[in-house]
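Accompanying notes for the structure given below.
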Amino acid sequence: QVQLVESGGDLVQAGGSLRLSCAASRSIFWINFMGWFRQAPGKQRELVATISSGGAADYADSVKGRFTISRDNAKNTVYLQMNSLKPEDTAVYYCHAAAFESDDDAYHDYWGQGTQVTVSS
């Protein structure tokens with residue numbers, strides 16, 4: 001089991017920047033994938049970015065070139081640096097972890113409670 005807690009959401013103007021943090025209750029060294037999803041009102045939750053245990057990052061087309069995902073294993077934390085924010089980035093952002101666990105030899109999904117990001121025009 002791992003608990004995820006997001007922080008860093010705020011109200012910013014278009015063109016501004018925010019850095020979201022996701023702190024895990026245990027080491028993330030063994031977590032295969034960590035990432036960020038977001039959900040805007042009336043829309044389905046969508047993938048924003050993922051990062052593997054090896055550091056390989058992947059991004060949604062809508063955020064490429066503007067967002068950067070990173071992980072600090074020593075701090076058990078994953079970050080999402082968001083630059084050049086747009087009003088359409090407004091959403092609740094959720095931290096996610098996918099880890100293979102020996103308990104049942106299966107992947108498990110973990111979610112944070114979300115942090116609100118609002119970008120005004």
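Worth saying up front: this structure is predicted, and the values here are computed from it rather than measured.
- Remark: side-chain polar atoms of R26 are paired, donor with acceptor, to backbone N or O of Q1 under 3.5 angstrom.
- Counted within 6.0 Å of CZ on F33, heavy atoms from surrounding residues, nucleotides or ligands total 12 or fewer; the atom is thus considered open.
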Test side-chain contact (heavy atoms from CB on, under 4.5 Å) on V63 and R38; report intermediate values, then the result. CA-CA 12 Å; V63 306; R38 67 185 182 187; 4.0 Å; yes
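- In this structure, T68 OG1 and R19 CZ are separated by 12.0 Å, a value rounded to the nearest 0.5 Å.
- Of the possible polar contacts, one joining the E6 side chain to the G114 backbone as a donor-acceptor pair under 3.5 Å is found.
- Within the structure, disulfide bond (SG atoms under 2.5 Å apart) contacts touching residues 63-121 (residues at least two apart or in different chains) are C22-C95.
- The closest side-chain donor-acceptor pair between S17 and N83 falls under 3.5 angstrom.
- Around CD of Q113, the count of heavy atoms belonging to other residues, nucleotides or ligands within 6.0 Å does not exceed 12.
- Under the side chain to side chain contact (heavy atoms under 4.5 Å, CB included) test applied with T118, the options D10, L11, L85 reduce to a single match, L11.
- Heavy-atom minimum distance, Y59 versus I69: OH-N, 3.0 Å.
- S25 contributes no side-chain N or O that, together with a main-chain N or O of V2, makes up a donor-acceptor pair within less than 3.5 Å.
- Note on ring orientation: taking the six-membered ring where Trp is involved, the planes of Y94 and W111 are perpendicular (angle over 60°, cut-offs 30° and 60°).
- A salt bridge is defined here as a Lys NZ or Arg NE, NH1 or NH2 lying under 4.0 Å from an Asp or Glu carboxylate O, and K86 with D89 fails to meet this definition.
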